[in-house]
Amino acid sequence: MESILKHNFGYSQFRPSQKEIIQKVLEGTDCLVVMATGGGKSLCYQVPPLVTGKTAVVISPLLSLMQDQVMALKQRGIKAEHLGSSQTDKDAYSQAERGAFDVLYMTPEKACLLPTRFWSNLLNSGICLLAVDEAHCISEWGHDFRQEYKQLDMLRGVLLKVPFMGLTATATKKVRNDIVQSLKMTDPFISIGSFDRKNLFYGVKPYHRSQLFMDELVKEVSKYNVSGGSVIIYCTTVKDTEQICQLLCGSGITAGMYHGQMGSKAREKSHRSFIRDEVNVMVATIAFGMGIDKPNIRCVIHYGCPKSLESYYQESGRCGRDGLASVCWLYYSRSDFAKADFYVADVRLEKQRKAIMESLMAAEKYCLLVSCRRQFLLQYFGEKRESDCGNCDNCTRDKRERDLSKESFLLLFCIKSCGGRWGLNMPIDVLRGSRSRKTVDNKFDKLPMHGHGKDYTTAWWKSLAGLLIAHGYLKEIADDIYRKVSVSPTGLQYLHSANFDDQPPLILALSNEMIDEEDHGQINAENIESSISLEGERFSEAEKKFYDILLHMRTELAKENGTAPYAICGDQTLIKIAKIRPSTRARLANIEGVNQHLVSMYGDKFLQTISNASQELDLSLNKEENAVTATRKVYPSSEKNLNPAKFEAWKMWQMGKNSLKEVSSLGRSVPIKEQTVISYILEAAQTGCEVDWVRFCTEIGLTLEIISQIRSAVSKIGSRDRLKPIKEELTENVSYEQIKTFVMMEDLNISADEVFGCKSSLLSNTSTKPSNDANSAQIGRVPIEWGSLVRGRAESKSNPEAVNIRKQNRSDNSDHESPAKKLHAPTDENENLNDGLEATQESIMDLINNSDGISLSEIKNFFRGSKADDVVDLLNCLETEFLIFKKNDLYRAL
Ligand SMILES: Nc1ncnc2c1ncn2[C@@H]1O[C@H](COP(=O)(O)OP(=O)(O)OP(=O)(O)O)[C@@H](O)[C@H]1O
């Protein structure tokens with residue numbers, strides 16, 4: 001499967017769960033896949049047909065989405081097609097039933113309309129899977145219910161024994177159950193991944209329709225536009241869509257537009273121009289979006305509060321799909337929260353109206369939040385996150401705190417005095433001294449707090465109510481389409497401890513709206529700008545020019561071939577090419593994201609461009625990948641990859657030599673948890689910051705003994721994907737932080753020897769590496785089992801000499817020894833035996849086939865009978881032929 005992944009997709013590693021899901025499909029098991037937006041769900045149905053040689057049928061809700069996917073798959077050398085009204089190829093249908101396609105897309109309507117004959121012909125030809133993408137559309141509880149999806153169950157009666165797969169990014173438990181039942185799945189494998197999109201920064205701002213705000217919007221969009229990144233602006237109405245598009249175009253930004261009132265041709269054209277990088281900014285209603293997989297969208301702006309958090313997560317999920325840092329802004333106005341009437345206009349069932357209302361209230365809550373937005377979002381989808389993320393506006397802004405005891409008392413008292421039967425408007429009107437008929441009729445003008453809140457605006461009071469709801473002093477419930485606010489038990493307790501003249505302190509962080517109002521509605525540039533930098537990699541001036549040349553070449557190639565630039569390869573791949581500047585096809589093929597189709601179709605063009613541009617810009621070729629990506633030795637570029645809070649924490653700890661405890665409180669009005677500081681530093685390490693691991697391990701109490709315990713727990717569980725089961729295997733004194741650190745060090749190939757300054761006997765039982773390897777005894781990576789490697793060679797007919805080696809090895813190495821002990825470095829005797837071995841394509845293939853990843857130095861060492869350069873040349877040839885590939889600096893067979 002890994003070979004298919006590299007060969008067709010250019011990737012060297014499956015993401016968490018992908019492989020397991022694919023294996024389940026291959027076993028014929030139904031699967032429900034819930035994975036974050038951009039998590040890589042598509043691969044779960046695109047790989048099985050390549051393994052089995054049978055067709056995967058994919059049900060997808062939108063034509064444009066299917067067309068994009070077909071286009072991208074074709075660029076990966078995969079036979080893909082869609083059936084539907086826009087299909088112009090008359091033979092597509094008959095080819096499809098003959099099983100000519102690996103992946104066959106169709107809408108649910110089409111799937112239900114196709115005659116049984118089509119399905120039985122396809123069954124005869126071979127069908128490995130029926131995948132239902134965006135499966136939440138099947139559920140009436142979902143945020144995007146589509147009637148057509150409901151009828152898909154009829155295919156069950158036709159496609160006997162074919163595994164069904166439902167895929168979605170947003171499914172509550174109720175929706176998940178609905179999908180399983182609606183698709184009549186039997187004992188399905190359910191995979192629920194994390195919803196966390198770590199590379200996305202989340203921010204929210206209240207907006208006013210002022211010129212100042214519009215100027216700032218233009219400025220924000222221009223920022224991404226100049227660097228070639230794409231932006232989507234989602235509007236809640238067609239009118240806003242047109243106005244914002246006009247505004248941007250009037251400011252010299254080439255923007256496209258997409259909404260439901262445009263004709264289908266115009267919409268298609270607009271979509272195509274965006275996908276092909278002809279326009280970088282798309283202003284759209286939510287008609288545009290589901291499944292858009294354009295990797296380089298750097299910013300998604302919501303101009304108006306979305307109607308639910310599910311749709312917000314879906315739409316903002318279009319952002320940063322290549323994993324580079326990207327930004328999601330949500331601009332709201334108070335009037336957005338009063339749109340419930342509009343959303344429920346055609347809904348007759350009270351139950352559904354209530355559900356819509358609750359969704360809107362959750363979105364409102366997200367807007368008004370003063371704590372970590374990521375934590376809130378994840379919690380909404382049922383996922384727990386212990387610490388603040390440090391990558392949202394609330395985590396990164398300086399909090400302005402104030403004692404709001406007097407104001408809170410007044411509001412709580414007033415809400416209670418009004419009887420808890422109202423929304424917020426009535427009690428706030430009372431506080432502001434209203435003598436409206438309703439107030440007088442209810443005798444609220446006689447209440448003691450009447451008129452005591454005149455100094456603040458209605459919006460300010462609403463904001464305070466939002467804070468009190470968030471902190472549990474007030475509770476808000478939906479009653480059909482109305483909201484009612486009442487004082488919670490915590491609020492009552494507070495009221496009891498206070499009176500008109502004296503209240504216990506209640507210190508709260510002011511919301512953005514309150515700050516905004518107190519700063520006289522001035523939204524300044526600093527406020528509105530995202531606080532993270534988007535520059536993914538640090539380029540020199542010349543490298544930046546080199547990258548631009550590559551971008552230009554990719555655009556031209558895409559035009560010539562009628563495809564989208566990103567379908568040729570993603571920006572991240574292009575960044576790597578610009579940094580490494582490979583001179584041969586083999587080196588090009590080895591870059592993450594480069595698939596065989598790219599090498600054979602466009603390889604010459606890439607190499608020619610690289611050669612010319614390198615000469616022109618005086619840049620050397622074939623920069624060592626390690627020098628580019630080494631994560632342990634470089635740090636300054638990480639300032640660009642980390643948000644300021646995390647970078648500062650790392651700087652204080654690593655450069656300032658402060659302890660973790662000191663970092664948690666130094667210069668902060670409210671200390672953060674020490675665990676948060678630890679996670680910041682680990683993240684810094686991940687993005688390339690240098691970390692003094694000795695000091696770090698000492699501070700968190702991570703010893704060799706604990707490492708050994710964690711490793712045993714990991715091998716018992718068989719996976720490091722989830723920390724909880726690992727933690728449960730360990731004694732209580734081993735903390736999550738220690739486990740996280742272990743995992744991170746393992747990911748970064750940090751050697752225990754290096755950290756603990758010894759050749760550890762504790763480590764040698766499972767991960768001893770040949771002692772002549774400078775990087776030996778890395779934590780966790782089980783190195784090549786020299787015994788099995790030599791046995792493997794011996795079994796190969798192409799290498800008779802190996803038989804001798806096996807004999808020799810057997811006599812040295814008892815079969816009764818534990819597998820761990822068999823992991824030993826070659827003895828001097830072994831080394832002498834290898835002295836005469838010559839490398840050939842075949843013998844290298846044997847060696848690699850029999851190893852679980854082998855480094856260049858190990859291969860050179862093994863074939864000391866050949867010149868090192870010859871070994872490298874042979875390896876290059878094997879890479880070009882896509883027989884082997886490199887992952888984490890280890891060669892593996894495809
Ligand atoms: N193993 C992998 N290694 C690297 N990139 C991957 C891997 N798997 C998928 N990707 C890339 O991640 C991006 C997102 O994948 P995909 O379109 O399948 O997401 P998705 O889960 O369907 O998201 P959504 O629900 O938002 O549509 C794609 O560009 C895809 O090529």
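Indexing begins at 1, ligand by ligand and atom by atom, following the structure's order. These numbers come from the heavy atoms of this one structure, side chains and all, not from hydrogens, waters or symmetry mates. Note that the structure is a prediction, hence the values are computed from the model and not measured.
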Between Asp277 and Lys559, is there a salt bridge with N-O shorter than 4.0 Å?
no
Numbering as shown, the atoms of ligand 1 that approach Phe14 to under 4.0 Å (heavy-atom distance)
1 (N)
For ligand 1, which atoms sit closer than 4.0 Å to a heavy atom of Leu43?
8 (N)
Side chains of Gln46 and Gln69: donor-acceptor distance under 3.5 Å anywhere?
yes
At a 4.0 Å cut-off, with the gap strictly under it, does some heavy atom of Met35 reach an atom of ligand 1?
no
Heteroatom distance test (Thr37, ligand 1): nitrogen or oxygen, under 3.5 angstrom:
no
Would you say Met553 and Tyr602 make side-chain contact, with heavy atoms under 4.5 Å?
no
Selection from Gly38, Cys44, Pro16, Gly593 by shortest heavy-atom distance to atom 23 (O) of ligand 1:
Gly38
Is the closest heavy-atom distance from Arg318 to ligand 1 below 4.0 Å?
yes
Atom NZ of residue position Lys740 - does it have more than 12 heavy atoms of other residues, nucleotides or ligands inside 6.0 Å?
yes
Closer than 4.0 Å to some heavy atom of Gly40 - which atoms of ligand 1 meet that?
9 (C), 15 (O), 16 (P), 18 (O), 19 (O), 20 (P), 21 (O)
Atoms of ligand 1 less than 4.0 Å from Gln13 heavy atoms?
1 (N), 2 (C), 3 (N)
With a cutoff of 4.0 Å, is Gly39 in contact with ligand 1, counting heavy atoms of the residue only?
yes
Would you say the side-chain atoms of Glu383 and Ser194 include a donor-acceptor pair closer than 3.5 Å?
yes
Specify side chain, backbone, both or neither for Gln18, according to which of its non-hydrogen atoms lie closer than 4.0 Å to ligand 1.
side chain
Atoms of ligand 1 under 4.0 Å from any heavy atom of Lys41, numbered from 1 in the order shown, are 18 (O), 19 (O), 20 (P), 21 (O), 22 (O), 23 (O), 24 (P), 25 (O)
Which of the numbered atoms in ligand 1 are under 4.0 angstrom from any heavy atom belonging to Ser42?
16 (P), 17 (O), 18 (O), 22 (O)
Heavy-atom contact under 4.0 Å between Ala36 and ligand 1?
yes
Between Met601 and Leu557, is any pair of side-chain heavy atoms under 4.5 Å apart?
no
With a 4.5 Å limit on heavy-atom distance, are the side chains of Phe606 and Leu598 in contact?
yes
Min heavy-atom dist Arg76 to ligand 1 below 4.0 Å:
yes
Carboxylate-amine/guanidinium proximity below 4.0 Å for Lys19 and Glu2:
yes
Does Phe274 have its ring centroid less than 6.0 Å away from the ring centroid of Phe288?
yes
Ligand 1 to Arg15 polar contact by distance, N or O atoms, under 3.5 Å
yes
Do other residues, nucleotides or ligands put more than 12 heavy atoms under 6.0 Å from Gln379 CD?
no
